[in-house]
Amino acid sequence: MVGLPNNSFAHLMERDTKTYVLKRLVDEAVPRKLSIDYAAALNSQQLAAVTAGEGPSLVIAGAGSGKTRTLVYRVAYLIDSGIDPSQILLLTFTRKSSQEMLDRAGELIGVRSERVRGGTFHSVANMLLRRYGRSIGLEPGFTILDRGDAEDLIALVRSQLGLNEKDKRFPRKGTIAEMFSKSENTLRPLAEIVVEEFDHFSDHLDALEQLQRGYQASKRQRQLVDYDDLLVLLRRLVMEDEGVRRTISSLYRYILVDEYQDTNRLQADVVRHLASTHHNVMVVGDDAQSIYAFRGATFKNIMEFPALFPGTIIYKLEENYRSTQPILNLANTIIEAATERYSKHLFTRKLDGPLPVLVEAAGENAQSRFIAQKILELREEGVPLSEMAVLFRSSFHSFDLEIELSRHGLSFIKRGGVKFIETAHVKDLLAHMRVVANPLDAVSWHRVLMLVEGVGPKKAQDVMAALVKSDKPYHALREMTGRSGKGLKDLALTLESLAGSGDLRPAEQVNHIYEYYLPILKTQYDDYPKRMRDLDHLQTIAEGYQEVETFLSDLALEPPDGSAAGVEATDRDDERLVLSTIHSAKGLEWQCVFVIWIVDGRFPSVYSFSEDEGLEEERRLFYVSVTRAKRHLYLTYPINVFDRGSGMILSKPSRFLDPVSPGQLDQLVLMEEGGRADWYSRDDH
DNA sequence: CAGAGACGCTTTTTT
DNA sequence: AGCGTCTCTG
């Protein structure tokens, strides 16, 4: 290990890692004098990782162990050591987290950090495919389909293939998209996925395979790329085109990957090939926090990393800086029951703190009222609203709470769930920009045409067929006759004004379309004023962009934070509570965390009962939620909840609490004011 | 053939 | 609540 202050980290390596002698860094890469005092800023484990030499490294970073800090310092250290920042590639889970890390690195090392390349796998794939994708038949102007677009295209292809006969129970487009996606992300044939996870649709396997081929062909033909394609195609590019592989690999000589436990096989392959010429790859993650198996992620990636990269040195970060001992005790107990993981032991120096509280409520509304009341209390005690969060398994779990919070005048922002960008009216407006940007985009054409008065599925198909044949599509549009003639003419005029008048900036395009679209919006939705405000918001976002192409792909790859409902409440004050799905809370922390719906059947959800793997994932998810809390942790569960899916009444707290001893938790039962139990005053909705 | 209204079904998590 | 399907009307 080069550059280490001592050699005492051998004991940190375990499992069957082989040893490998590391060469010293070449002399000119070794800084004569570093500008930062790393040893003073980091603990010894962090320091070891930050100053690691060349070659593959695996950093096992427990929850709250300063993982981000370590990555930030690693970036700074590399730059400090004289490495060209533009040769560093930082792959993260969200672009926001990459931006945050680079900003922090900038504070340490200065503006040089701005040249570091960073982003999500998907956004990096987007960038590389636009630049080098020609060799696998991709034009630089391709359009990115989000999940909803992908489903729409699947539906379109299905009807073209005549597979929508209503005789039998054919899976819905969302389910089909799920199957396809799982197949791509796990590199397994569709048949396997269907038989294993969707056995009740096995009868339709032939049709599904046909549909999958049709969907793939349609995407390629029209220069459309869905989320999975970004990874699949990048993988293909770096695996099949040796020239491109060498080019890209030599472009990024130092690769850092955050949240490695949530990568899938495609991403692991990409990393492996990108690092093929230099092996300078450092991955950071925590196997105990792997929560994305549903999209093909496998914590096995992190377990197998040392085997894939011979000579890997393993670093472990085990000191937790976030939580108090009582919270950590609970977290440790929960995760100890997990079956397969790297052994590590988290410890903290924050010994004192209140015990986590387990709260039983008579029903959902009692739970909501408890949360609202407690939040007000904590705020009185001086905990700022922005230091509190409510976490839940599924987005809809917070519906009742949202109403209750509004009633108490508490403002919040919701993360996860339906995004602003996914609402029908925003997609409608964007579809107009997209047909101009990519006239082959059948999904958007279909959407745009269906909005025209008098156009239905049949007419839309006919128009699209005519457009494909014509080399002047807008001209052809104007020639259309019949009931919908006038509407199509108006559409043609609008689109021409976008395409014709040179390079209109995104914000100007949004304006033009808005004018055309407003009457449609008004006839389609009774609640149009609310939706107009979303479109104003979109306008504001567009103002930040110079190019339509970047605007569109950014929206698809990194939708703005906050759900549809949250948007209207924006920028009143920054003193806001966070409501979040556990998935969206990854990497974040708060003084006080409430986790709601800790009831067996909701968390873990009934869907996960059947498979051990599913249950293990839910356990890790629970672990993630608990370890978000710094000081106060409330776990709440309603009882006497009817679950429609299973037909059961749920009343038992999550099974993940079974191994927790009574001394580790304070237990509360809620009573109505006046002393009576509150079970008859609940849930009027 | 488009569009509106009614009804039954099913509901995780996200780039 | 939202999607898909079915039915009815113009």
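Here is how names work: the chains are called A, B, and so on, in the same order as the sequence lines, proteins then strands, and each is numbered from 1.
Evaluation of A:F121 against the base of B:dT15 yields no stacking contact (centre distance < 5.5 Å, interplanar angle < 30° required).
Residue A:E617 is out of contact with every strand shown, counting any heavy-atom pair closer than 4.0 Å. A:S605 comes within 4.0 angstrom of nothing in the nucleic acid, heavy atoms only. Looking at heavy-atom distances under 4.0 Å, A:S584 makes contact with sugar-phosphate atoms alone, never a base. Within the 4.0 angstrom heavy-atom criterion, only backbone atoms of the sugar-phosphate kind lie near A:S395; the bases stay farther away.
Residues satisfying the salt bridge (Lys or Arg N to Asp or Glu O under 4.0 Å) criterion with A:K173, sequence neighbours excluded, are A:D152. Considering only residues two or more places apart in sequence or on other chains, A:S625 meets the side-chain hydrogen bond (donor to acceptor under 3.5 Å, both in side chains) condition with none of them. For A:R131, there are no salt bridge (Lys or Arg N to Asp or Glu O under 4.0 Å) partners, not counting sequence neighbours. By the salt bridge (Lys or Arg N to Asp or Glu O under 4.0 Å) test, A:R434 is found to be paired with A:D149, A:D441, residues two or more places apart in sequence or in another chain being considered. Residues forming a side-chain hydrogen bond (donor to acceptor under 3.5 Å, both in side chains) with A:R236 (at least two apart in sequence, or on another chain): none.
A:Q216 and A:K219 share a side-chain donor-acceptor pair at under 3.5 Å.
Straight-line distance from the CD1 atom of A:I291 to the P atom of B:dT15: 11 Å, rounded to whole Å. For the pair A:I520 CD1 and B:dG3 C1', the interatomic distance rounds to 15 Å; values are reported in whole Å. In this structure, A:I596 atom CD1 and B:dT12 atom P are separated by 17 Å, rounded to whole Å. Look at CZ on A:F396: it is 8 Å from P on B:dT12, rounded to the nearest Å. Regarding A:R393, its CZ atom lies at a distance of 14 Å from the P atom of B:dT11, rounded to whole Å. As a whole-Å value, the separation of A:L230 CG from B:dT14 P is 19 Å. Here the P atom of nucleotide B:dT15 and the CD atom of A:E184 are 19 Å apart, to the nearest Å. Between A:F93 atom CZ and B:dT13 atom C1' the separation is 10 Å, expressed in whole Å.
By the 30° and 60° cut-offs, the orientation of the rings of A:F201 relative to A:F198 is parallel. Note on ring orientation: taking the six-membered ring where Trp is involved, the planes of A:H397 and A:W597 are tilted (angle from 30° to 60°).
Distances were taken from every side-chain heavy atom of A:S394 (C-beta onward) to each of B:dA2, B:dT12, B:dT14; the shortest belongs to B:dT12. Looking at the side chain of A:F294, the nearest of the listed nucleotides B:dA2, B:dT13, B:dG3 is B:dT13. The A:E453 side chain lies nearest to B:dG3 when the options are C:dC3, B:dG3, B:dT13. Distance from the side chain of A:K173 is smallest to C:dG4 among B:dT14, B:dT15, C:dG4. Here B:dA2 is the nucleotide among B:dT15, B:dA2, C:dG4 with the atom lying nearest to any side-chain atom of A:K458.
In this structure, A:T120 and A:R172 both approach DNA chain B, and ranking their closest nucleotides by distance from the 5' end singles out A:R172. Comparing A:V452 and A:L621 by the nucleotide of DNA chain B that holds the closest heavy atom to each, the one mapping nearer the 5' end is A:V452.
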Polar-atom pairs under 3.5 Å, protein N or O versus N or O of nucleotides 7-10 of chain C: list them with distances, or write none.
none

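For A:T94 and B:dT15, the shortest distance from a side-chain N or O to OP1 or OP2 is not below 4.0 Å.
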